Amino acid sequence: MIRDARVLRAGFVPQEVEHRDAEVNHLSSVLRPLTDGDPAETAIVTGPSGAGKTCISQFVTERLREEALDIEATYINCWRNYTRFRTLYQILDDIGRTIDIHRQSTPHDELIDRLQQYDGNRTVVILDEADQLEDTSVIYDLHSLPQFAVICITNNEEDLFGRVDDRLVSRLRASEHVRMDKYADEQLFDILSARVRCGLEEDVITDEQLYSIADAAAGDARLAIGILRTAASTADREAHGRITDEMLSDAATAARTQIRQKSLDSLTPHQRIVYDIIKDDGPVSPTGIYEEYVEEVEDPRTKRTVRTYLSKMSQYNLLVAEGTSRDRQYTLVTEATPSPTT
DNA sequence: AATCCACAGGAATGATAGGGGC
DNA sequence: GCCCCTATCATTCCTGTGGATT
């Protein structure tokens, strides 16, 4: 029933991108100078999650590499923990300059020097989720090196600009912007059916079912494909000839909880306790949370630290903060469960 | 209107862990 | 084993904000 599992995987870059011609052309034109060996501007790609930012960035760079021999590309996901050191390290690793670098005992400056001295091919560096960088100076580091072309991918450009220093902001504002929106349901449907054509046998899933996936995913292509993948693998495992509606709705909830679980697993015990307090007590004020927290643990951390936990968890989309100042309250992110119809 | 209070989050600092060089 | 490096986490101090209190 599964013909080609690759096309359903997260991170698969298709041969043809649906409904993103303008954005693809725009980004291509920014990177075009590279094919003549010239430096290219920094590009910023913004849009909500699952809008195809990562996909078109990789698609464009791959196509560029088909056209010109001497272009390298490296993809870095800055999501979580990506410090300046690790980012630089990974870039160097990808271009093969880490042979004699020791993971834990090399100064930053040494890494920068390596990059500066790099005299190999022009390289496209895709910084995915760049707004998640702990230390945005990496962008600055790269920006000033002509042999690297940078694509910064971010959900929200203000989040990114708010965290880089002023020198860079003005330069980034001047750089090329590719803005993307959520997919409409029909577009999502087209994307899904293209994947189904390559990935699944015939008649495994109906058009109506694809529409209901598109609807549940609310414009998020990554989520939509995730749902399709999970449902397909259930059907495959149970040796069912086709995907049932029940598998689909299970897959939809699974896809959501999976994302949440991943974030949850990365919490420290103390953070987890704070999370559970909010889960059990519903909307709580920061002081309420802290008092409860002090009750529950042996060696409580400071208030400031708990505040850091709270803002971290909101960033991970586990919590939402409502209200400002004194009436601020924290709640768990309400599970969005869009119903198939309506 | 002035003041107070709870809160958010930046910056600097310190403690601790772990890898490599010697 | 000691020294040097970085990472990571917590703490302390501090500034800014906005609603509440007087």
Side-chain angles (χ1 to χ4, degrees), chain A residues 76-94 97-116 127 129-142 154-169 262-278 281-333:
Chain A
I76 295 175
N77 192 326
C78 309
W79 173 246
R80 208 170 296 180
N81 291 334
Y82 261 100
T83 59
R84 187 180 180 201
F85 183 86
R86 283 199 223 171
T87 313
L88 291 171
Y89 185 88
Q90 200 185 328
I91 295 167
L92 284 163
D93 201 31
D94 284 352
R97 295 299 161 109
T98 41
I99 321 106
D100 54 343
I101 289 186
H102 313 296
R103 270 187 75 66
Q104 296 292 327
S105 56
T106 310
H108 281 140
D109 295 348
E110 172 70 20
L111 299 190
I112 304 278
D113 280 352
R114 288 294 172 99
L115 282 179
Q116 265 163 0
L127 293 177
E129 321 240 23
D131 53 332
Q132 296 295 330
L133 282 170
E134 292 270 308
D135 181 354
T136 51
S137 54
V138 193
I139 303 175
Y140 191 80
D141 297 336
L142 290 168
T154 171
N155 286 17
N156 179 342
E157 70 187 87
E158 292 312 318
D159 283 354
L160 179 62
F161 287 161
R163 307 191 44 241
V164 303
D165 73 290
D166 299 341
R167 292 172 301 175
L168 193 51
V169 171
K262 228 173 166 179
S263 311
L264 235 37
D265 288 344
S266 73
L267 298 180
T268 66
H270 280 270
Q271 292 168 337
R272 190 53 196 261
I273 287 165
V274 173
Y275 178 85
D276 286 339
I277 288 170
I278 298 165
D281 295 7
V284 225
S285 68
T287 12
I289 294 168
Y290 191 67
E291 282 166 7
E292 181 78 29
Y293 162 78
V294 171
E295 288 285 306
E296 285 192 27
V297 283
E298 285 285 306
D299 50 341
R301 305 279 186 258
T302 22
K303 254 186 153 166
R304 177 70 185 87
T305 304
V306 173
R307 246 181 281 147
T308 309
Y309 291 169
L310 291 171
S311 75
K312 256 294 195 276
M313 288 191 264
S314 327
Q315 269 206 6
Y316 290 176
N317 232 336
L318 292 169
L319 301 180
V320 273
E322 271 164 355
T324 57
S325 196
R326 284 195 144 150
D327 11 285
R328 172 155 280 212
Q329 299 216 303
Y330 285 92
T331 27
L332 293 200
V333 162

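Throughout, a chain's letter reflects where its sequence line sits, starting with A, and its residues are numbered from 1. Remember, it's a predicted structure, so these values are computed and weren't measured experimentally.
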Cut-off 3.5 Å, no hydrogens considered: what does the side-chain donor-acceptor table look like for residues 269-276 of chain A, sequence neighbours left out?
residue	atom	partner	partner atom	Å
A/His270	ND1	A/Tyr293	OH	2.7
A/His270	NE2	A/Arg301	NH2	3.4
A/Gln271	OE1	A/Thr268	N	2.8
A/Gln271	OE1	A/Thr268	OG1	3.3
A/Tyr275	OH	A/Arg260	NH1	2.9

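C/dA10 atom C1' lies 12 Å from atom CD of A/Gln271, rounded to whole Å. In this entry the distance linking CD of A/Glu322 with C1' of B/dC7 reads 16 Å, nearest Å. Across the protein-nucleic acid pair, A/Ile289 atom CD1 and B/dA6 atom P stand 15 Å apart, rounded to whole Å. The separation between A/Leu310 atom CG and B/dA8 atom P is 7 Å, rounded to whole Å. Here B/dG9 presents its P atom at 16 Å from OH of A/Tyr309, a figure rounded to the nearest Å.
Heavy atoms of A/Thr268 sit nowhere under 4.0 angstrom from any nucleic acid atom. If you check every strand for non-hydrogen atoms under 4.0 Å, A/Tyr290 touches nothing. Using a 4.0 Å heavy-atom distance criterion, A/Thr308 is classed as making no nucleic acid contact.
An OP1 or OP2 oxygen of B/dC7 is reached within less than 4.0 angstrom by no side-chain nitrogen or oxygen of A/Arg307. OP1 and OP2 of B/dA6 both lie 4.0 Å or more from every side-chain N or O belonging to A/Ser285. A/Tyr330 has a side-chain polar atom (N or O) that falls below the 4.0 Å cut-off from OP1 or OP2 of B/dA8.
If you check residues 298-305 of chain A against DNA chain B, the residues with a heavy atom closer than 4.0 Å are A/Arg304, listed by number.
The side-chain contact (heavy atoms from CB on, under 4.5 Å) check on A/Ser314 picks up A/Leu319, A/Tyr330, with sequence neighbours excluded. In terms of the side-chain hydrogen bond (donor to acceptor under 3.5 Å, both in side chains) criterion, A/Asp327 has no residue partners (sequence neighbours excluded). In this structure A/Asn317 satisfies the side-chain contact (heavy atoms from CB on, under 4.5 Å) test together with A/Val333, sequence neighbours excluded. In this structure A/Thr308 satisfies the side-chain contact (heavy atoms from CB on, under 4.5 Å) test together with A/Arg304, sequence neighbours excluded. For the side-chain contact (heavy atoms from CB on, under 4.5 Å) test, residues two or more places apart in sequence or in another chain that qualify with A/Thr331 are A/Pro283, A/Val320, A/Glu322.
Each salt bridge (charged side-chain N to carboxylate O under 4.0 Å, His left out) pair with one or both residues in residues 284-298 of chain A, not counting sequence neighbours, would appear here, but there are none.
Of the inter-residue distances, the one linking A/Arg307 atom CZ with A/Thr302 atom OG1 reads 9.0 Å to the nearest 0.5 angstrom.
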Table of protein N/O atoms under 3.5 Å from nucleotides 20-22 of chain C N/O atoms:
residue	atom	partner	partner atom	Å
C/dA20	O4'	A/Arg326	NH1	3.1

>> What verdict does the side chain to side chain contact (heavy atoms under 4.5 Å, CB included) test give for A/Ile289 and A/Asp281, after you've listed the backbone C-alpha separation in whole Å, the side-chain angles of each residue and the deciding distance to 0.1 Å?
In response: CA-CA 9 Å; A/Ile289 294 168; A/Asp281 295 7; over 6 Å; no

